[in-house]
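Taking it in order: structure first as structure tokens, then the write-up.
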Protein chains: 2
Amino acid sequence: MARAALSADAVVGIALRLVDEQGPAALTLAAVASRAGVATPSLYKHVRNLAELRALMSARILEELAERIGRAVLGRSADEAIRALMTTWRDYAVEHRHRYAALVQAPEPETAGAGEKLVDIMLAALRAYGMEESEAIHAVRCLRAAVHGFAVLETENAFQLPDQVDETYELLIHMVVTGLRTPRRA
Amino acid sequence: MARAALSADAVVGIALRLVDEQGPAALTLAAVASRAGVATPSLYKHVRNLAELRALMSARILEELAERIGRAVLGRSADEAIRALMTTWRDYAVEHRHRYAALVQAPEPETAGAGEKLVDIMLAALRAYGMEESEAIHAVRCLRAAVHGFAVLETENAFQLPDQVDETYELLIHMVVTGLRTPRRA
DNA sequence: GCCTAAAAGCTAATGACATTAGCCAGTGGT
DNA sequence: ACCACTGGCTAATGTCATTAGCTTTTAGGC
């Protein structure tokens, strides 16, 4: 009996490919085990349960997202950086719509590292706006809300008329950038 | 054998209460049937399957949201209307965080009516900005993305530090309103 | 090389779920 | 009273997640 040489990392990889191909609803331990060439209970040697598998997948997704956005933002600042960040985020979601839908938003220990990295990248992109720290945290949250909201709606076909969604995104970028540049009345 | 006098409407009501009390993961036909005092397969006399139940629930949620927002926006225009809309939307989500999480975003026949009503309300709220129709559609989408994005993140505790989220939302409102008021470079 | 312990597989079992098929009882209309 | 429809029911099926405990493989120590 040859050992399948499985690992938690390999399980996550298989799960992500499964979701990419068949959508988030196809994610079952049974399906992952079948693809891994082991019996379903064998997966418990590598992941605690289905919830942990989801969290580990989310960590991987967030790492990729942070990596992509970090690269896109490098060397840019202010409006250009925000544009690059928002564009890259959306591109990732559209390109990987199924895995993006599987992304768990609630904070988990497994996603803390990548989540922080993403926040740091966003804070860096916002640096040129000269906000003090608490204001920058607000901005990070709003940026995330806007981009993520758009991404989930787009990937769930909630906009229905697919034409001109690029134009819609330009308006969203405009709103974010303009909002950052315009002082609020005290 | 007394008839339980069930209906699709009653089933939806029971399901919503279940979700409100125990969260979206608790929604099973078995649990709904138990609360209704019937056997699980009896529910198929009233709803096609679990997916249809979710869609019908979503329709109800959207109707309530549209009703609430419609009332809040009445008699207000421009910035005040947008503020009322965004505030009411968020309040609904926070107040009903579990059912909001159960809301299906993908368009379904069951949710088309309420979805359209919501779009109409948003278009009305935007009327005072004097946009032509296609620009108004973009604005509706962005408004929805921003608000919904914030709502799902907040209700999933993705902001983690719960303090000052109100302040964050003020910034989001500011971004939306400012973005609507500032012409985009052609 | 041999032995032992740990790791990583396995099968069987359990309970929960969604759904289908077909039967039964109640109700309303003729 | 009879019949058809409606809305319940039970039984069955298949899938899933998970646990318990057994077996095989591998790695490390002597």
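Chain A is the first sequence line, chain B the second, and so forth, proteins listed ahead of strands; every chain is numbered from 1.
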Can you pull every protein N or O that's under 3.5 Å from an N or O on nucleotides 15-19 of chain D?
residue: D/dA17; atom: OP1; partner: A/Leu29; partner atom: N; Å: 3.1
residue: D/dA17; atom: OP2; partner: A/Leu29; partner atom: N; Å: 3.1
residue: D/dA17; atom: OP2; partner: A/Ala30; partner atom: N; Å: 3.2
residue: D/dT18; atom: OP2; partner: A/Tyr44; partner atom: OH; Å: 3.0
residue: D/dT18; atom: OP2; partner: A/Leu50; partner atom: N; Å: 3.1
residue: D/dT18; atom: O5'; partner: A/Tyr44; partner atom: OH; Å: 3.2

Gap between atoms NE2 and P, on B/His46 and D/dG7 respectively (whole Å):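 About 6 Å, once rounded to whole Å.
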Whole-Å gap separating C1' (C/dA21) and NZ (B/Lys45):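 Those two atoms, NZ and C1', are 10 Å apart.
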Any B/Ser42 side-chain N or O less than 4.0 Å from OP1/OP2 of D/dG7: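 For B/Ser42, the contact criterion (side-chain N or O under 4.0 Å from OP1 or OP2 of D/dG7) is not met.
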Name every donor-acceptor pair, under 3.5 Å, that has one atom in a side chain of residues 106-127 of chain A and the other anywhere in the protein, sequence neighbours excluded.
residue: A/Thr111; atom: OG1; partner: A/Glu108; partner atom: N; Å: 3.2
residue: A/Thr111; atom: OG1; partner: A/Glu108; partner atom: O; Å: 3.1

Contacts of B/Arg97 that satisfy side chain to side chain donor-acceptor pair (under 3.5 Å) - sequence neighbours left out: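 With neighbours one apart ignored, the set is empty.
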Under 3.5 Å, side-chain donor or acceptor atoms of residues 8-18 of chain B against the rest of the protein: list the pairs with distances, not counting sequence neighbours.
none

Validation: residues 171-180 of chain B side-chain donor-acceptor distances under 3.5 Å, sequence neighbours left out:
residue: B/His174; atom: ND1; partner: B/Thr178; partner atom: OG1; Å: 3.3
residue: B/His174; atom: NE2; partner: A/Gly179; partner atom: O; Å: 3.1
residue: B/His174; atom: NE2; partner: A/Thr182; partner atom: O; Å: 2.9
residue: B/Thr178; atom: OG1; partner: B/His174; partner atom: O; Å: 2.6

Non-neighbouring partners of A/Val152 that pass side chain to side chain contact (heavy atoms under 4.5 Å, CB included), sequence neighbours left out: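 A/Val152 satisfies side chain to side chain contact (heavy atoms under 4.5 Å, CB included) with A/Tyr100, A/His148, B/His148 only.
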